Amino acid sequence: MSITDKLSTWVKNVAPSPTLAVDAKAKALKAKGVDVCGFGAGEPDFDTPDFIKEAAIQALKDGETKYSLVPGIAPLRQALAEKYTNENDLTGVKPTQFVVSPGGKYSCTLAIRAVCDPGDEVIILGPYWVSYPEMVKQSGGIPRIVSSTMDDGFKVSLERIKASITDKTKMVVLNSPSNPTGAIYEKSEIQAIAELCASKGIFLMSDEIYEYLLYDGATHFSPASMDPEISDWVITVGGFSKTFSMTGWRLGTLLASEPVAKAVSNLQSQTTSGATTFAQYGALAALENRAAARAAIADMLIHFDRRRLMLVDGLNAIDGIRCFRSQGAFYVFPDISGTGLSSDVFSERILEEHQVALASGTGFGAEGYLRLSYATSDAVIQTGLEKIKSFVGSL
């Protein structure tokens, strides 16, 4: 019997992240001196703003190097309560409803583990972020995918969500703005989904990690701002990675009713103990220094918006490819079914033959699509589009 045979059932049922795998392949090629156009990574190509870094450095100098409170340092949770009150229109939200964790991914994991028992079903609206189904499986739950296409605007209708609910449904996962599509659910659509979940006693996990990355006049709505009888069933996940280019800082946030927040904190106390203390002071600076924060976000949005349009227009100009005009995050999710290749074959061949790294849609539950991140330079986008056009033209 091999060592692999002795691994746990949980581990055997969990697939590695395909987006991180693509990024790893691209980095391995670059390490060998190969010039790779990388569209795989879901992280901004900007540095963390200096005022945030300086706050963390000062925290280190001040000796903030010990364990923090499990749910996060008190000033940061107070600042989060003020942020959600002033910017997301919540009323009566308390610092005790927040848990700061080592990354938005872990915040999602904690939310699912806090409410899902083995055998519970979690409805995931697709195309979905690659990690959601694996998180559900880690809790012993069963992911139920309800998919949409470009022709649906990459949004699942309320009727289809209703039809997917069973007596085992424990949670619905909503990600708006969306990774991988960049689609945004309208306020009325989110309200209807939240009302449905509350009426059925089902939790709604609202992943709002991309809430500030909006284009074309789009707006963001947090379902936790609804009436208490509805908002109590909402678990809001956010973080600092995307908005402030703090991916390596590993800081996620979770907002929930106090019973859920306490349960999440208990889980964290027995796993990571909490988020890195001095990093939290950097996040605190991001929330407290609103003028500097807004300026940093506005600057990134100028670049992201330009790159978004470059990619959308460039991909739509290639025969066999249709590209949805995303309104949020920093991804496009083109339909490549017209090329005659599957998503996996397309992504594998273009990396091998033209050194373009992008993510196959299969990892996001969408065969026939690809995910390209425009959190990269204009030069990479221009060169990448030329290579994609050349590749498709050779088919």
Side-chain angles (χ1 to χ4, degrees), residues 23 37-59 76 79-80 82-84 86-88 103-104 175-184 207-222 237-253 278-315 325-333 371-385:
D23 191 44
C37 291
F39 294 101
E43 73 175 340
D45 58 319
F46 306 102
D47 193 9
T48 304
D50 284 341
F51 78 95
I52 296 175
K53 292 191 289 184
E54 289 165 2
I57 292 170
Q58 188 60 51
L76 180 54
L80 284 166
E82 293 171 4
K83 179 266 183 198
Y84 276 91
N86 297 327
E87 297 184 12
N88 299 76
N175 177 210
S176 178
S178 164
N179 172 9
T181 68
I184 296 175
D207 185 350
E208 302 176 18
I209 192 74
Y210 297 98
E211 65 174 306
Y212 291 109
L213 304 183
L214 307 169
Y215 318 99
D216 293 341
T219 58
H220 172 72
F221 175 72
S222 294
V237 174
F240 300 87
S241 294
K242 316 300 182 180
T243 302
F244 298 105
S245 196
M246 295 172 66
T247 51
W249 294 61
R250 309 314 305 134
L251 287 173
T253 63
F278 57 84
Q280 293 183 63
Y281 283 90
L284 177 61
L287 294 180
E288 288 188 335
N289 195 335
R290 292 171 62 87
R294 285 298 186 185
I297 295 168
D299 183 61
M300 282 195 289
L301 282 174
I302 290 171
H303 295 285
F304 283 150
D305 194 18
R306 182 182 65 254
R307 297 168 181 176
R308 173 182 70 106
L309 297 176
M310 286 173 60
L311 259 185
V312 170
D313 293 343
L315 290 169
R325 184 177 171 117
S326 59
Q327 289 186 294
F330 40 65
Y331 310 103
V332 294
F333 203 61
R371 192 196 77 169
L372 287 80
S373 167
Y374 49 87
T376 187
S377 69
D378 292 32
V380 167
I381 292 174
Q382 291 169 349
T383 302
L385 284 169

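Please read these numbers as outputs of a predicted model, since none were measured by experiment. For this chain, numbers begin at 1 and follow the sequence in order.
Counting only heavy atoms from C-beta outward, the side chains of Tyr212 and Arg294 approach each other to under 4.5 Å. With a 4.5 Å cut-off on side-chain heavy atoms, Asp378 and Arg307 count as touching. Side-chain contact between Asp216 and Arg308: present, with at least one pair of heavy atoms (C-beta onward) separated by less than 4.5 Å. Residues Phe240 and Leu287 meet the side-chain proximity criterion, which asks for heavy atoms closer than 4.5 Å. For the pair Phe39 and Ile381, the minimum side-chain heavy-atom distance is below 4.5 Å. Contact of the Leu251 side chain with the Gln280 side chain is registered, since non-hydrogen atoms from C-beta on lie closer than 4.5 Å. Side chains of Ser241 and Glu43 form no contact here, defined as non-hydrogen atoms less than 4.5 Å apart.
To the nearest 0.5 Å, atom CD of residue Glu208 and atom OG1 of residue Thr243 are 11.0 Å apart. With values rounded to the nearest 0.5 angstrom, Phe333 atom CZ is found 12.5 Å from Leu315 atom CG. The CD1 atom of Ile184 lies 5.0 Å from the CG atom of Leu214; values are rounded to the nearest 0.5 Å. From Met300, atom CE reaches atom CG of Asp45 across 10.0 Å, with rounding to the nearest 0.5 Å. To the nearest 0.5 angstrom, Asn289 atom CG is 10.5 Å from Glu54 atom CD. Between the CD1 atom of Ile302 and the CD1 atom of Ile297 there is a distance of 12.5 Å, given to the nearest 0.5 Å.
Using modelled atom types, no side-chain atom of Lys242 and backbone atom of Glu211 make a donor-acceptor pair closer than 3.5 Å. A donor-acceptor distance shorter than 3.5 angstrom exists from the side chain of Asn175 to the backbone of Pro177, with no hydrogens or angles considered. For Ser178 (side chain) and Ala183 (main-chain N/O), no donor-acceptor pair under 3.5 Å exists by modelled atom type.
Here Arg290 does not pair with Glu82 in a salt bridge; the nearest charged N to carboxylate O distance is not below 4.0 Å.
Residues Trp249 and Gly282 share a closest heavy-atom pair of CZ3-CA, 4.1 Å. Across every non-hydrogen atom of Phe244 and Ala293, the tightest pair is CE2-CB, 3.6 Å. Across all non-hydrogen atoms, the minimal contact from Tyr210 to Tyr331 is OH-OH, 2.6 Å. Closest approach of Ile52 to Ala286, counting heavy atoms only: CD1-CB, 3.7 Å. For the pair Ala375 and Phe304, the tightest heavy-atom approach, listed with the atom from each and the gap, is CA-CE2, 3.8 Å. Nearest heavy atom pair, residue Tyr215 against residue Ala329, reads OH-O, 2.7 Å.
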- Asn179 and Arg371: CA distance, side-chain angles, deciding distance, side-chain contact (heavy atoms from CB on, under 4.5 Å) verdict: CA-CA 9 Å; Asn179 172 9; Arg371 192 196 77 169; 2.9 Å; yes
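Considering only residues two or more places apart in sequence or on other chains, His303 meets the ring pair (Phe, Tyr, Trp, His ring centres under 6.0 Å) condition with Phe46. Partners of Ala55 under the side-chain contact (heavy atoms from CB on, under 4.5 Å) rule, at least two apart in sequence or in another chain, are Ala285.
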